Each structure stands twice: as C-alpha cells, then as structure tokens.
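Because the structure is predicted, anything quoted here is derived from the model rather than measured. As the structure lists them, so they are numbered: ligands from 1, and atoms in each ligand from 1.
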Amino acid sequence: MSEKRYDFDSGLDRRNTCSLKWDFCEQVLGVPEVIPMWVADMDFPAPPEVVEAVRKRAEHGAYGYPFIPRSFWTSIINWMQARHNWEIKREWLSRCHGVVPAINICVQTFTAPGDKVIVQSPVYYPFFSAVENNGRRVVRNPLLFENGTWRMNLEDLKNKIDRRTRMLILCSPHNPVGRVWRREELEKLAEICLKQDLLIVSDEIHAEHVYKGHKHIPIATLSPEVAARTVTLTAPSKAFNLAGLTTSVVIIPNQRLLNLYKTQLDNLGLTVNNIFGLVALEVAYTHGATWLDQLVEYLEGNMDYAQRYFEERIPQIKFLKPEGTYLALLDCRALGLPQKELNEFFLKKARVYFDEGPIFGEELAGFERINLACPRKTLAEALGRIERAIK
Ligand SMILES: Cc1ncc(COP(=O)(O)O)c(C=O)c1O
C-alpha cells in the first residue's frame, strides 16, 4: 500500500483567527497586506488526525477539569523511544503549559535570587527574561560565527563560571542559529557542566525539525550522570503546530529535582492543563510520525528554494541554511543599513515581517530571522517582494 501523502502546498488563511503571527502586523503595527514570517508557528493545519481528535473532543461539549490518562504519558515515552532512541520512564515525567513557563519555573526552583545563569547568545530571547524577571543574573556565553557557521565557545564558558553560577540553559537545536549540536559538542559542554556542578536546562522544542545529514541528540542521553543533572523541556507544539494549545513536556530523571519542580508547579497553582492540548499531544505523538516526516521534507525544500533564490537573485543578502528548525538567519550586513532602517525596509517597502536579529543578542546586528514554515507559494511571493524592494 502506498503511503498517504499530506498536503502542505495549500496552506490556509489565518487572518482574523486570533493568530498572533497574522493579526499583529495589521492590528498592532498598522501595516496591511504584510506576509508575516516572524513568530515561530506554521501556516499549515495540524495533522488531520489531530484536527479530527480535537474536533471530536470539542463536540462532546463538556469541558470540565481534565484528568491526564496513562495513555498520555505512554505516548510521550513511545515517541521519545522511536524518534530519539531515548528510553524514558513514567516517573521522570511532568508537564507544563509551554516550554517558556517551564523555563521560568526551573529558574525559580533551581536557583536563588542573585544567582547566575548562562545562556549561549544569540538565543531565543525569553531565555534572558526568564532569568532577569526572576531576579537572577544572565551570563552570556556568546556563540562564535566562523566561516558561515556557529559554534560554542567553551573556553569562554569555563572562564565565566564562578561560585554563583548555577544553571546553563541550552537551546538544542538552537533557535535562531539553526545548529543541531553534534554529540562531541554536547559531550564537551556536559563535561564542563558536570565538573562545575551546573544544572542543564535543555530546551529541545525544535528537536523534531532536523534536516538531512543531522541528528538531534537529547543531551540527557549522553550518560546517566548527565541525565541526573539535566531537565529536558520539549513539546509537540513546534512539530505539529499546536502552540495555542499550551501543553508541554518536562523530563527530569533525578527524582529529587523532579519533586522540587512539581512542588513549584503546585505552588503556582498550575495543576490543570488544557483539555484540547492533552488530546492533541497524545494523538500527534501516537499518529503523527508520517505527517511529520513529510513536513520536514517540505520544510527542507523551502530552505533549499530560499537559498537558491537568495544566491541567484538577491545576492546582497546571505541566507544561512539551518541544520534544523524552520527558522533561518538572513545576513543583511552588506546592505549597510542601521537595524531600524533595515526593519522598516522589510516591513514597509517589501511588506514582509521578520524578527530582527538583535532581539536574540547583539551578535545579530544586521541580521533578520525568517520563518519558512509556510506553503512554497507564500515563500515565493515573499522572496519576490524582497527582490523587487531591493531593486
Ligand atoms: C527555543 C524555543 N523555546 C520555546 C519556545 C516557545 O515555547 P512555548 O510556546 O511552549 O512556551 C520557542 C518558540 O519559538 C522556541 O523557539
């Protein structure tokens, strides 16, 4: 029997559907007819199996307090085994209302006010606010950009750890630089964290979007010692476009740390998850593999399309193809525009909206982050707009 083919070309109209990505430009920035390529969600519907399950649950009509069934946890365990070769146990698992809330809870739970937390900038900017808003101090261990690719600076990391440094927040795969960290890189990083007694909080939300020639390795799988010092945060939300259902997964093999995490979850009153999020997670992890494989192929097609387009028709801008994630960096430094003018140029002249590089760290001055999780025709239209604006 031939494999079912899913359609990523048609996309869907997301305007006026409470979509942050689509409704923000017109309603907040006041610029109409913009193609939004910023916040990280996708212009594809979730897998039809998920949509159907959520529809069925909605039709039931009673939306009282949910109970998390055993099958929910089993779907996570089976997914991690099948996709990431990671054997996890039920008693390592907890949950949250998103990866960002979970990062905040980890900062609150595992560090004290005034403690230092390391982040590898440029990085997803809520890492900074999770530390600073909770009265802790951010220590930046900037990535190095060499020969068109990014790598960790472990010498700098070693030099920046002192008695007040408690935690490192890892982004793996990395948003926005698109690296899928190799085993040797993770091993060296983990070695330093173990030696210096740092807790690793590993945000692996982008783990499911990895391109040919690369493989995501959950850092906790490196060794039992690393697992005992790691909190892994993940979710099906990026993979299957479920962010609005606010359901995420927390994996903590160390029972002492897990109990502390759960206590803080209770202290914040976060005892109930969204009922549709529970349904969607389980169905996505149980029935979503084929859809996801085809999606990743489609996304890589978008990456290759954009790379060729920039090389051939907009050579003033360098497209940095990522190893994973549906986000990519545009190196616009050759245009010579100050950041504000660069942003205005894209929004008002080209009518495409990106996330500006510096929100992820000053290392990205002159860069923009583009989200390519859209039908190819939308991407083609956006690239055409940029090309015409440049000319
Ligand atoms: C690295 C990373 N972590 C977390 C999130 C958001 O997670 P959530 O919506 O589950 O809070 C994003 C979204 O872009 C992200 O890129």
ask   = Given the rule in the salt bridge (Lys or Arg N to Asp or Glu O under 4.0 Å) test, do Glu33 and Arg351 qualify, once you have shown the distances and angles that lead to the verdict?
value = CA-CA 7 Å; Glu33 302 299 325; Arg351 297 209 175 226; over 6 Å; no

Donor-acceptor under 3.5 Å ([X] side chain, [Y] main chain):
X	Y	value
Arg136	Thr111	yes
Trp38	Lys21	yes
Asn302	Leu372	yes

Could you tell me how the ring of [X] sits relative to the ring of [Y]: parallel (under 30°), tilted (30 to 60°) or perpendicular (over 60°)?
X	Y	answer
Phe145	Phe367	perpendicular
Phe8	Tyr6	tilted
His206	Tyr326	perpendicular

For [X], atoms of ligand 1 separated by under 4.0 Å from a heavy atom:
X	result
Pro101	11 (O)
Cys171	1 (C)
Gly98	10 (O), 11 (O)
Ala40	14 (O)

task = Could you name the option among Asp355, Ile205, Thr246 that has the heavy atom nearest to atom 7 (O) of ligand 1?
result = Ile205

Which residue and heavy atom of the protein sit nearest [atom], plus the separation:
atom	result
atom 6 (C) of ligand 1	Tyr124 OH, 3.3 Å
atom 3 (N) of ligand 1	Asp203 OD2, 2.5 Å
atom 13 (C) of ligand 1	Lys238 NZ, 2.8 Å
atom 9 (O) of ligand 1	Ala243 CB, 4.6 Å
atom 8 (P) of ligand 1	Val99 N, 3.4 Å

cation_pi(Arg57, Tyr63) dist<6.0 Å, angle<=45 = no

query = Is the charged tip of Arg376 near the ring of Tyr298: under 6.0 Å from the six-membered ring centre and within 45° of its axis?
reply = yes

inquiry  = Under 4.0 Å from atom 16 (O) of ligand 1, can you find at least one protein heavy atom?
reply    = yes

Has [X] got any heavy atom lying under 4.0 angstrom from an atom of ligand 1?
X	value
His206	yes
His174	no
Ser248	no

Please state which part of [X] comes within less than 4.0 Å of ligand 1, counting heavy atoms only: side chain, backbone, both or neither.
X	result
Val100	both
Pro126	neither
Asn175	side chain

message = If you compare all heavy atoms of Thr325 against all heavy atoms of His174, which two are closest, and at what distance to 0.1 Å?
response = CG2-O, 4.0 Å

query = With Lys212, which residues qualify under salt bridge (Lys or Arg N to Asp or Glu O under 4.0 Å), at least two apart?
reply = Glu300

